[in-house]
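Below is one structure, written out as structure tokens; the observations come after it.
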Amino acid sequence: MTGFFFNEALLPGGWARNVRVTMDKSGRIERCEIDTSAHAGDIRHTNALPGMANLHSHAFQRGMAGLAERRGTSDDSFWTWREVMYAFNDHLTPDDVEAIAALVYCEMLESGFTSVGEFHYLHHDRDGSPFADLAEMAGRICAAAETTGIALTLLPVFYRWAGFGDQPAHEGQRRFFNDPDRYARLSDASLAHTSKLRHGRLGVAPHSLRAANLEDLPWLAGLRPDDPVHIHIAEQLREVAECEAAHGKRPVQLLAESVELDPRWCLVHATHIDAAETRDLARSGAIAGLCPLTEANLGDGVFPAPDYRAQAGQWGIGSDSHIRIDLAEELRLLECGQRLTLRQRNVLAEPDQHVGRALYQSCATGGAQALGQPTGRIEIGARADFVVLDSKAPVLTGRSSDTLLDSWLFSGDGRQVETVYVGGERVVEAGSCLARDMISGRYCDRLTQLMQRINA
Ligand code: NGQ
Ligand code: ZN
């Protein structure tokens, strides 16, 4: 049987040498042997890392990267960025969304992400009316995943209110809005699309405690009882203050008291948490969904990673607004944000441990849990998702195992990702997603037209 043979691979227990992996028909790892030799016909690589999950994506926002970097008349903030984002998404057609998502997923694969959680809320047509297929846009997201080969956990977003206290959703949010009945139908219609994908999964996602109220949460969490539940939370200080004003509690505290937080849950950002919330989140087994590049770009703040980690809190990473899509850079900023605030080095690792491995393994396993995808570990039963680095690249020369990983994450970027497999199928070769040319050509065509419409 054809197998993979790696001179070294990062397994759950650490780096192993001369690793041979075989898989079953569904693309799951059947055997994993170390200190062995290659069989004739094996696919050979110098190294392999487990595939990384990108646990939080709003694919369409890739199309507006760089369009919100001009200072306005007053202080700019997350909230002024959001106005620009709303104005941008007003123009998007299903063809635009599919073309943008395909480029996003292509870029993700090329940087080492093998699965994505699409936190999808652009549901309706430009005037706010539902498409004939309520899940038309979800179908476009699935089509983009199919084109690229990335594993997809689709998270259709429940968005009902404009803010705390059940403020009615406003004009800029018309394309996101659903009542509970229509959301349940949207979820079913989305399943018709995700179930056609080889590595598709469907979860649920109350947008935030601003856009879903406390009564909405239990039935949403119960709608798909075995699947992931994602929510934005405590990203901005203003949102914490509004939550305290409306409910007398901080967001994570309020959420933890309103629902049973458990390993199905992913709390995206959770930037502003106090000591008690840090403890409760860590204990719950839920995932903190950190998006370092977006959180920096939007001026959100810095997650209390050392305290959370000290209490065995689990996390993963997402590229969220896609101001950049680069796995190495996300992990680097997760660590370097702490270095800048604490004025220390090598913060997010145990004594004598390499930071690269600590970051990579914790985010790969946490991200896989958040997406309900059998990935993030090279072990029996996991999907054969592998990321192979170009060991001949200048920044990786002479490195192996932990120094290879540290050098990639701290001094490299997506350019050192050579080959990527999802479920044993090659999706990136010589650094390029297989459908790269078609996808970028279509993206550029759509974006040219879109920018003309926006600037008209
Ligand atoms: C989003 N993005 O849904 O795209 C949000 C902005 C909001 C981030 N939170 C909108 N990064 O939170 O209301
Ligand atoms: Zn988000």
Side-chain angles (χ1 to χ4, degrees), residues 53-65 67-68 76-90 92 97 100-101 104 116-124 137 141 153-164 167-178 203-213 228-243 251-252 255 265-272 287-303 316-325 330 333 367 370-371:
N54 190 321
L55 58 63
H56 192 67
S57 163
H58 308 290
F60 76 85
Q61 291 176 12
R62 182 66 174 148
M64 64 165 283
L67 299 184
D76 276 357
S77 68
F78 173 89
W79 308 100
T80 56
W81 168 85
R82 194 173 78 156
E83 292 306 318
V84 178
M85 187 268 280
Y86 283 177
F88 178 80
N89 78 39
D90 266 358
L92 296 170
V97 167
I100 297 171
V104 166
V116 57
E118 182 64 32
F119 196 100
H120 165 62
Y121 60 87
L122 193 62
H123 301 306
H124 307 311
M137 287 291 208
I141 297 290
T153 296
L154 182 72
L155 301 153
V157 171
F158 178 74
Y159 203 108
R160 192 177 187 186
W161 313 105
F164 288 102
Q167 300 164 39
H170 61 67
E171 183 60 14
Q173 298 160 339
R174 67 191 180 282
R175 304 188 70 177
F176 325 154
F177 176 83
N178 285 297
V204 298
H207 179 275
S208 53
L209 293 176
R210 295 176 268 122
N213 70 22
V229 189
H230 287 220
I231 187 169
H232 288 129
I233 199 152
E235 179 180 10
Q236 282 280 318
L237 286 173
R238 184 173 119 186
E239 150 179 46
V240 176
E242 285 174 0
C243 184
V252 171
L255 183 70
W265 281 81
C266 177
L267 278 61
V268 180
H269 308 301
T271 312
H272 301 288
I287 300 297
L290 309 178
C291 306
L293 284 164
T294 293
E295 288 157 10
N297 186 265
L298 298 182
D300 290 338
V302 180
F303 179 77
I317 46 163
S319 57
D320 190 350
S321 69
H322 312 306
I323 185 70
R324 289 261 300 129
I325 297 179
E330 289 293 353
L333 186 55
L371 299 189

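Counting starts at 1 for both ligands and their atoms, in listed order. Just so it is clear, the values below take in all heavy atoms, side chains as well, and ignore hydrogens, waters and symmetry mates.
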His56 near the Zn ion (ligand 2) via N/O/S, less than 2.8 Å: yes
Check: Glu235 N/O within less than 3.5 Å of ligand 1 N/O: yes
Any N or O of Gln61 closer than 3.5 Å to N or O of ligand 1: yes
For the student: nearest non-hydrogen atoms of Ser321 and Thr294, plus distance: OG-OG1, 2.9 Å
Student check: side-chain heavy atoms of His58 and Phe119 closer than 4.5 Å: yes
Close-contact set for ligand 1 against Trp81 heavy atoms, below 4.0 Å: 6 (C)
Candidate with minimal heavy-atom separation from atom 7 (C) of ligand 1, of Gln236, Glu239, His207: His207
Enumerated ligand 1 atoms positioned under 4.0 Å from heavy atoms of Leu298: 11 (N)
contact_flag Glu295 ligand 1 heavy-atom lt 4.0 Å: no
Polar contact flag for Asp320 and ligand 1 (N/O pairs, less than 3.5 Å): yes
Any N/O pair Tyr121/ligand 1 closer than 3.5 Å: yes
Centroid-centroid distance, His207 to Phe176, less than 6.0 Å: no
Those atoms of ligand 1 less than 4.0 Å from some heavy atom in His269: 9 (N), 11 (N)
Side-chain H-bond candidate by donor/acceptor type, Ser57 with Glu118, under 3.5 Å: yes
Side chain Arg175, main chain His124, donor-acceptor under 3.5 Å: yes
Identity and distance of the protein heavy atom lying nearest atom 5 (C) of ligand 1: His232 CE1, 4.0 Å
Arg62 side chain vs Ile100 backbone, donor-acceptor pair below 3.5 Å: no
Side chain, backbone, both or neither: the part of Phe176 lying under 4.0 Å from ligand 1 by heavy atom: neither
Heteroatom of His58 nearest to the Zn ion (ligand 2) (N, O or S, atom name): NE2
Exercise: do His269 and His56 side chains pair donor with acceptor under 3.5 Å: no
pair Gln173-Tyr121: side-chain heavy atoms closer than 4.5 Å: no
Sub-4.0 Å atoms of ligand 1 with respect to non-hydrogen atoms of Arg210: 7 (C), 12 (O), 13 (O)
Atom 10 (C) of ligand 1: nearest protein contact (heavy atom, Å): Arg82 CD, 3.4 Å
His272 side chain to Asp300 side chain, donor-acceptor N/O pair below 3.5 angstrom: no
Within-shell test, Phe119 vs ligand 1, heavy atom, strictly < 4.0 Å: no
Close side-chain approach of Val229 and Pro206, heavy atoms under 4.5 Å: yes
